[in-house]
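Reviewing the structure listed below.
Whatever order the structure lists them in is the order used to number ligands and atoms, beginning at 1.
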Amino acid sequence: MHRFQDENLDIEDRVKDLINQLTLDEKLTLFPGVRAWWTRKIKRLSFPNMGMSDGPNGVSLHSSGFRKCTQFPVTKCLAATWNTNLAEKTGIAMAEEVRAVNKHILLAPGINIDRTPLNGRTFEYFSEDPFLVKEMTKPFVNGVQSQKIAACVKHYVANNQEHERFKVSAEIDKRTLHEIYLRAFEDVVKKANPWSIMACYNKVNGIYGCENPYILQNVLFDKWGFQGFVMSDWFATRYTSTEGCITAGLSLEMPTPIVYKRKLLKKGLNEGKFTEQRLDELLKMMLRIMFKTGVFSKNPPKGSRNTPEHQNLAQKIAEEGIVLLKNEGILPLDPNKKIKIAVRGRNTKKKMGRLGYGGSSAVVPPFEITPFEGLLSFPNVEIVKDPKEADYVIIFTEINHDKHEDAENSDRLQIEMPTEEENMINETKKLNSNTIVVLINGSPIAMDNWINGIPAIVEAWYPGMMGGNAIANILFGHINPSGKLPITFPKKIRDSPAHKTPATYPGTDKVMYEEGIFVGYRHYDENNIDPLFPFGFGLSYTTFELTKCELSKESLTDDDMLIITVGVKNTGEFSGAEVVQIYATDIESSVERPPKELVGFGKIFLNPNEEKTMEILVKIKDFAFYDVNLEDWKVEPGKFKILIGTSSRSIQFERVVDVQ
Ligand code: BGC
C-alpha cells in the first residue's frame with residue numbers, strides 16, 4: 001500500500017506522498033478534465049478519478065449518468081424562503097444525491113448578483129442583495145460539504161448576463177466589484193470554506209476570469225486565504241493562455257484540454273513561463289479536495305436519491321418560497337366547498353424537468369406534479385372549460401426555459417410576458433372577475449399591461465417536482481404563504497439599474513457597470529423609483545404586527561454584535577410566518593452610500609393571536625463599505641440609522657446607533 005492510500009494519515013502527508021510519486025507527465029494529465037465530468041485516472045498508482053455534477057436545482061440528468069434525480073425548486077425560490085435552515089437541508093439533500101450518482105462535486109451554488117432582470121440565469125441565482133446571498137449560501141455550502149461532497153461556488157465573478165457571456169468584459173470600479181459582486185464570494189470563502197470555485201466565462205475589467213490574476217491570485221488566494229481549488233467553467237479557457245491560467249491560479253481546466261494540453265504545459269515549463277513547483281501547488285489544491293471528498297476512500301458514503309425525504313423537502317421549499325404578490329381577499333379558496341375552476345395558461349400542464357431545458361441546471365425527476373395535477377388532488381374541485389361558468393379562473397402563466405426566456409446562454413428580450421399571454425389574461429378577466437394569476441417563472445415580470453382587475457397574483461417560481469402540490473396547498477390555504485421577494489420587480493425595464501444606455505446593458509465587447517453600487521433596491525431607493533413589488537415584499541393570509549423593538553446597545557465598535565429584539569404578533573386568523581428584515585444606513589459618510597442595506601433578517605412562525613419576541617443578530621462589520629484606498633472594508637465612526645420592517649419599503653421602526 002502507498003502512504004497516500006492510508007486513510008489514517010493526515011491529508012497533508014498523503015498529498016505529499018502522492019505528489020512525490022507522480023511523474024511529471026502524470027501530473028500534467030491531471031490539469032485538464034476528461035469525459036465531460038471527470039478528472040483523469042492514473043492506472044499505475046491505482047489513482048481514481050473525481051466526478052462532478054450540475055447543478056443548483058439538484059443533480060442534472062446530463063451529468064448523472066442519465067439517472068433521474070430529485071428536482072428541487074430553483075435557487076430563486078430557495079432564496080425567497082429567507083430560511084437559512086432550509087438552505088442547509090437543501091445542501092445536504094443535493095449532496096446525498098450527488099453521492100448516489102457516484103460523483104464528488106456539486107457544481108453549485110450559483111451566487112452571481114441579479115444586475116438585470118433580463119439575465120437568462122436569474123432563476124439559478126439567489127438575489128440582487130449580497131447580504132441575502134451570503135447568508136443563504138453559507139449554510140447551503142456547509143450542508144453540501146457535511147456530506148463530504150465539494151460545493152463548487154460559481155461563476156466567479158461578474159457573470160451577470162448571458163448575452164455574449166463568452167466574450168463580454170464586465171467593466172466595474174473596484175469598490176463596486178468588492179462591495180456588490182465579490183462580497184458574497186468573500187464571506188462564503190472565509191466562513192464556509194467551499195472546496196472549489198468555478199471561474200467565469202466573461203472578462204472582468206478586460207481579463208478573462210480563468211486567467212485574471214487580480215480576481216484569483218490577489219483576491220481569492222492572497223487576501224481571502226481560499227483553501228479549495230479553482231476549476232474553469234466549461235470551455236471558459238478557450239480564449240486564454242496557458243501561462244495566464246497557471247499564473248492566476250487555475251488548477252483544473254474543464255471539460256477537456258485546451259490551454260492545459262500536455263504539450264502546452266511542457267512548453268511553458270521549458271520556456272520558464274512557470275515552474276514545476278507552481279504546478280505542484282495548483283495540483284495539491286485539487287488533491288486535498290480529492291481526499292476530502294473520499295475519492296481515495298475504500299468505503300465512501302453511499303448517498304441516496306429520490307427518497308420521500310428529498311421530495312418532501314422539495315415541496316417544503318416551494319411552499320415556503322412561493323410569494324403572494326397581490327390578494328384582494330379572494331385567496332385562500334375554500335377547500336370544503338365544491339368549486340368550479342377553469343384553468344388557462346401556457347404552464348398549466350407543462351413539465352419543466354426535461355433534459356437540458358433551461359441549460360445546465362435542468363434536472364429530470366422520476367415524476368413531476370404539474371399545477372393542474374395539484375389542483376385535481378383537491379376533491380371538491382370541478383374543472384370546467386368556460387371561464388364564464390367557473391367560480392374562479394386560475395391562469396398558470398409566464399415564461400419558460402426556452403431560448404430568450406429563463407434559459408442559459410441567452411438573455412430575455414423583454415421583461416413583459418409574451419403579448420399573447422398578456423392578451424389572454426386581459427380577455428379572461430373580462431369573462432370572469434375572479435381570475436387568479438399564478439406565475440411560473442424565475443425572473444421579474446412587468447405587469448402594468450394586465451394587473452388591474454386581477455384580484456390575486458401568486459409568484460410560484462419554478463417550484464420543482466412537487467410544485468403542483470405546493471401551489472394547490474397555497475391556493476387552498478393549507479399553507480399560508482410566507483415567501484418574500486429576493487429581487488425587485490420593476491414596473492418597466494427602463495426603471496432597473498443596468499438599463500440606462502446600450503453601453504450599460506447589453507454592452508458590446510464591454511458592458512459598463514455605471515450604476516456602481518446602486519444595484520437592486522439600492523438603486524430604486526436612491527433614485528426614488530417606485531417598483532411594482534419591492535425587495536423583501538410578500539403577503540400572507542394573516543396579518544402581523546411588530547409590537548416592539550429593542551437594541552442591545554446604542555454605542556458600539558465595529559467588532560461588536562448588535563442584538564435586535566423584535567416583538568411580532570399574529571393579528572389575523574391564520575397561522576403563518578413573517579420575515580423581519582433589518583436594514584442599516586450610514587447617516588454621515590465620506591463616500592456615497594445607499595439609503596438602506598440589508599444587515600440582518602429572521603423568520604418566525606406564529607399561531608393566530610400569538611406573540612413572540614425574536615432576536616436578530618447584526619454584525620457591525622456588515623455596515624462597512626469597501627474603501628478603495630485601504631483596499632479593505634471600513635466602518636466609518638458615526639451614527640447609523642437602523643430600519644426594522646417587513647419589506648424594504650415597509651419599515652416599522654427606526655433606531656440610531658453610534659459606532660465609535
Ligand atoms: C455553465 C456552468 C455549468 C457547466 C457544466 C456551463 O456552461 O455555465 O454553470 O456548471 O456548463 O454544465
Side-chain angles (χ1 to χ4, degrees), residues 32-39 50-67 69 71-72 74-76 94-95 97-98 101 103-114 119-126 133 137 140-141 144 149-168 170 185 194-204 208-210 228-240 250-256 258 353-364 401 403 406-411 442:
V34 65
R35 291 191 295 125
W37 312 105
W38 297 92
T39 58
M50 176 163 66
M52 297 145 232
S53 179
D54 281 315
N57 311 323
V59 175
S60 303
L61 194 75
H62 59 263
S63 54
S64 68
F66 290 89
R67 279 168 280 210
C69 287
Q71 181 200 27
F72 292 89
V74 295
T75 310
K76 217 16 122 266
M94 285 190 191
E97 303 232 346
V98 172
V101 302
K103 297 289 183 75
H104 310 94
I105 302 182
L106 174 69
L107 302 173
I111 70 164
N112 295 94
I113 293 288
D114 301 322
N119 178 16
R121 295 184 91 170
T122 304
F123 71 98
E124 287 186 59
Y125 300 139
F126 286 92
V133 177
T137 302
F140 182 94
V141 168
V144 172
I149 293 291
C152 180
V153 185
K154 66 191 190 181
H155 307 88
Y156 187 69
V157 62
N159 182 181
N160 305 111
Q161 62 185 59
E162 290 300 283
H163 178 81
E164 289 292 346
R165 67 171 171 163
F166 301 119
K167 287 202 162 160
V168 79
F185 283 100
W195 293 344
S196 64
I197 277 193
M198 188 187 289
C200 60
Y201 285 123
N202 52 285
K203 297 177 198 157
V204 181
Y208 281 106
C210 293
F229 75 97
V230 181
M231 71 175 79
S232 72
D233 199 342
W234 270 230
F235 303 103
T237 47
R238 76 183 114 188
Y239 307 117
T240 66
L250 184 77
S251 290
L252 178 65
E253 174 180 60
M254 288 306 292
T256 48
I258 303 174
R354 299 190 234 151
L355 180 63
Y357 194 42
S360 59
S361 66
V363 177
V364 182
H401 288 306
K403 190 174 163 75
D406 285 322
E408 185 176 335
N409 211 9
S410 64
D411 281 348

| Taking atom types as modelled and ignoring hydrogens, do the side chains of Arg121 and Ser360 form a donor-acceptor contact shorter than 3.5 angstrom? |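 Arg121 vs Ser360: donor-acceptor pair found between side chains.
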| message | Hydrogens and angles aside, do Ser361 and Glu408 bring a side-chain donor and acceptor to less than 3.5 Å of each other? | response |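 No - no donor-acceptor pair under 3.5 Å links their side chains.
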Which residue and atom name correspond to the protein heavy atom nearest [atom], and how close is it?
{"atom": "atom 5 (C) of ligand 1", "result": "Asp54 OD2, 3.3 Å"}
{"atom": "atom 2 (C) of ligand 1", "result": "Asp233 OD1, 3.3 Å"}
{"atom": "atom 7 (O) of ligand 1", "result": "Tyr201 OH, 2.7 Å"}

Looking at [X], which atoms of ligand 1 are within less than 4.0 Å of one of its heavy atoms?
{"X": "Arg121", "value": "1 (C), 2 (C), 8 (O), 9 (O)"}
{"X": "Glu408", "value": "1 (C), 6 (C), 7 (O), 8 (O)"}
{"X": "Leu107", "value": "10 (O)"}
{"X": "Arg165", "value": "7 (O), 8 (O)"}
{"X": "Ser360", "value": "1 (C), 2 (C), 3 (C), 9 (O), 12 (O)"}

Return yes or no for this condition: an N or O of [X] is under 3.5 Å from an N or O of ligand 1.
{"X": "Lys154", "answer": "yes"}
{"X": "Trp37", "answer": "no"}
{"X": "His62", "answer": "no"}

| request: Could you tell me if any non-hydrogen atom of Met254 lies under 4.0 Å from any atom of ligand 1? | output: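 Met254: no contact with ligand 1 (<4.0 Å).
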Parallel, tilted or perpendicular: rings of [Y] and [X] (30°, 60°):
{"X": "Trp37", "Y": "Trp234", "result": "tilted"}
{"X": "His401", "Y": "Phe123", "result": "tilted"}
{"X": "Phe126", "Y": "Phe140", "result": "perpendicular"}

| field | Qualifying residue, where the test is side-chain hydrogen bond (donor to acceptor under 3.5 Å, both in side chains) with Ser53 and the options are Ser64, Ser63, Ser60 | value |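 The side-chain hydrogen bond (donor to acceptor under 3.5 Å, both in side chains) with Ser53 is passed solely by Ser63 among Ser64, Ser63, Ser60.
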| message | Tell me which one of Ile197, Asn202, Asn112, Asn160 satisfies side-chain contact (heavy atoms from CB on, under 4.5 Å) with His155. | response |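 Considering Ile197, Asn202, Asn112, Asn160, a side-chain contact (heavy atoms from CB on, under 4.5 Å) with His155 is found only for Asn112.
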| message | Minimum heavy-atom separation for Leu355 and Val364, please, with both atom names. | response |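 That closest heavy-atom pairing would be N-CG2, 3.5 Å.
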